[in-house]
Amino acid sequence: MQTFVIHWFRRDLRLTDNTALLAAAATGHSVLPVFILDEAIYKGRFASGSRLAFMLKALRSLDEQLKVYGSRLLVKLGEPGGILHQLVAEAGASAVYANADYTPYAHRRDHTIKSGLGVPLHLFDDVALLPPGAVLKGDGKPFVVFTPFKKAWLNIPKGPVQSAPALGAFVKLDSLPMVDGWGTVPSPQELGFAPTVDLPEASEVEATRRLDEFINGRAAAYATGRNVLAAERQDDTRPESSFLSPYLRFGMLSPRQAYQAARAAYPAANSTHARESLETWVSELVWRDFYMHILHFFPQVLKSSFRPEYDRVEWRQFPAEFQRWKEGMTGYPVVDAAMRQLRAMGWMPNRARMIVASFLTKDLLIDWREGERHFMQWLIDGDPAANNGGWQWSAGTGTDAQPYFRIFNPVSQGENFDPDGRYVRRWVPELAQVPDKFIHQPWAMPAPPANYPPPMVNHGEARTRTLSAFKAVKG
DNA sequence: TCCCACTTAGC
DNA sequence: CTAAGTGGG
């Protein structure tokens with residue numbers, strides 16, 4: 001008689017280099033591949049139509065991949081504990097395998113399921129290169145500053161990339177006739193969303209292709225290219241940055257694959273800039289681990305500032321101003337371009353994220369948590385740990401010792417990182433005819449475009465206002 | 001992963 | 001007048 005184990009896919013939507021999946025396959029039992037659409041994914045504060053649509057696309061791809069194995073993805077809608085319990089009974093499964101996630105919600109969910117499942121829930125570290133707890137200070141406490149964390153991180157060996165399970169690993173469709181839900185991935189509409197973003201391909205094959213293309217091409221110029229806001233071509237949504245965050249978010253690519261590809265490319269990198277570029281890119285993977293580690297050890301950051309004194313900042317509550325920021329109608333071209341790109345693509349390059357985050361928190365003096373939520377509602381790569389870390393970094397309330405006076409000038413940021421205005425013209429068509437000289441400050445033109453708003457705040461005055469608001473609460 | 005005011009050197 | 005460098009928020 002055939003016996004089964006369940007692999008519960010969560011944010012590891014791939015077959016290659018999947019730690020828990022390989023462990024499940026190594027039991028010698030047939031693996032039943034399951035994804036559960038938990039209400040928590042599509043309801044609640046951080047729910048996102050664009051990210052949901054991207055994820056559903058990835059689930060369809062995963063289902064297609066599993067057909068090659070003579071199987072399908074079993075998709076269930078509902079509460080994970082109850083569903084797993086029922087599946088274990090129906091299939092006679094002897095264990096459930098999954099890769100651990102480190103958000104407070106995931107910890108709670110898995111802990112509850114573990115105690116009530118009746119069979120073991122085996123959790124594996126896979127989502128981070130080095131999981132929370134693997135990088136600690138000499139005294140056993142967690143790092144709270146990035147640079148020493150990174151230094152320690154670099155000295156710890158990382159695992160190799162593993163292959164996909166053998167062809168016979170998965171349950172054959174006809175062996176579990178009582179179970180239904182094979183390959184029935186719902187549409188975003190069925191879950192109450194009508195997403196409008198222009199989504200990229202979402203599959204393991206596409207993720208690997210993008211990684212190869214990046215490592216063999218733009219990676220060599222990443223150290224500077226990552227800051228270039230505009231895509232190479234006007235009609236091209238492919239940016240200078242790697243554009244791998246959406247794939248890492250849902251595990252169509254593993255961080256090990258990303259890291260080992262960079263390491264493998266390093267010996268052939270034939271210039272200082274090329275080597276620095278690969279190091280910078282690896283550094284981004286370290287940031288990813290760092291913020292997972294911060295969220296694991298300090299889950300309160302989702303509610304409060306990492307430095308509690310900054311929760312006394314008197315954030316301004318001006319919904320109409322927040323609305324203008326969200327719509328990309330602030331009057332600062334680079335800010336507006338970025339905010340409109342977010343709504344069109346569900347994605348922005350990191351430089352753009354920093355610019356708009358600085359503008360919301362420092363120029364408008366609106367609470368970083370408002371911005372954090374808006375990003376989570378739109379970003380296809382939106383991840384609670386990284387997004388929270390990024391926002392607290394920008395607001396100056398976070399882990400790094402950088403002072404609160406990190407205030408970006410939206411004009412000089414535009415001039416530095418979109419010197420020819422291509423990014424602004426791509427996303428703010430009202431400014432298409434503005435000459436380069438004025439593209440980042442159209443209000444200085446003799447006759448500014450009538451259909452584009454004047455700047456909603458004076459940057460110099462806003463800067464002063466923010467410096468005093470922060471000074472007032474500084475310990 | 002910054003900005004700004006200020007200084008100095010050079011024309 | 002600009003460029004380059006510096007100190008400090």
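Labels below follow one simple rule: chain letters A, B, ... track the order of the sequence lines, proteins then strands, and each chain is numbered from 1.
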task: Can you establish whether the number of heavy atoms outside Arg263(A) located under 6.0 Å from its atom CZ is more than 12?
output: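 Counting neighbours around CZ of Arg263(A), 12 or fewer heavy atoms of other residues, nucleotides or ligands fall under 6.0 Å, so no.
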message: Within the supplied structure, the quantity of interest is the number of heavy atoms (other residues, nucleotides, ligands) at a distance under 6.0 Å from His111(A) NE2; does it exceed 12?
response: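 Counting other residues, nucleotides and ligands, NE2 of His111(A) stays at 12 neighbours or fewer.
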In whole angstrom, give the distance that lies between atom [atom1] of [X] and atom [atom2] of [N].
| X | N | atom1 | atom2 | result |
| --- | --- | --- | --- | --- |
| Arg288(A) | dT1(B) | CZ | C1' | 20 Å |
| Arg463(A) | dG9(C) | CZ | C1' | 7 Å |
| Ile407(A) | dT1(B) | CD1 | P | 16 Å |
| Arg353(A) | dC2(B) | CZ | P | 18 Å |
| Phe470(A) | dG8(C) | CZ | P | 23 Å |
| His459(A) | dA5(B) | NE2 | C1' | 14 Å |
| Leu467(A) | dG8(C) | CG | P | 16 Å |
| Asn409(A) | dC2(B) | CG | C1' | 10 Å |

Which listed nucleotide ([options]) is nearest to the side chain of [X]?
| X | options | value |
| --- | --- | --- |
| Arg351(A) | dG9(C), dC4(B), dT1(B) | dT1(B) |
| Lys471(A) | dC2(B), dC3(B), dG9(C) | dG9(C) |
| Phe408(A) | dG9(C), dC2(B), dT1(B) | dC2(B) |

field: Partners passing ring-ring contact (aromatic ring centres under 6.0 Å, His included) against Phe322(A) (at least two apart in sequence or in another chain)
entry: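 In terms of ring-ring contact (aromatic ring centres under 6.0 Å, His included), with neighbours along the sequence ignored, Phe322(A) is linked to Trp325(A).
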query: What parts of residues 410-419 of chain A reach DNA chain B, counting only heavy atoms under 4.0 Å away?
result: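 Going residue by residue through residues 410-419 of chain A, the ones with a heavy atom under 4.0 Å of DNA chain B turn out to be Ser412(A), Gln413(A).
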message: Test: salt bridge (Lys or Arg N to Asp or Glu O under 4.0 Å). Region: residues 277-295 of chain A. Which pairs qualify, not counting sequence neighbours?
response: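 The answer is Arg226(A)-Glu284(A).
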query: Applying salt bridge (Lys or Arg N to Asp or Glu O under 4.0 Å), which residue pairs with at least one partner in residues 322-342 of chain A are found, sequence neighbours left out?
result: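 Pairs touching residues 322-342 of chain A that pass the test: Arg340(A)-Glu430(A).
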Listed pairs under 3.5 Å, donor-acceptor, residues 371-380 of chain A side chains, sequence neighbours left out:
from: Glu372(A); atom 1: OE2; to: Asn388(A); atom 2: ND2; distance (Å): 2.9
from: Gln377(A); atom 1: NE2; to: Arg45(A); atom 2: O; distance (Å): 3.4

- request: Could I get the full list of side chain to side chain donor-acceptor pair (under 3.5 Å) partners for Asp420(A), not counting sequence neighbours?
  value: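 For Asp420(A), the residues satisfying side chain to side chain donor-acceptor pair (under 3.5 Å) (neighbours in sequence not counted) are Arg422(A).
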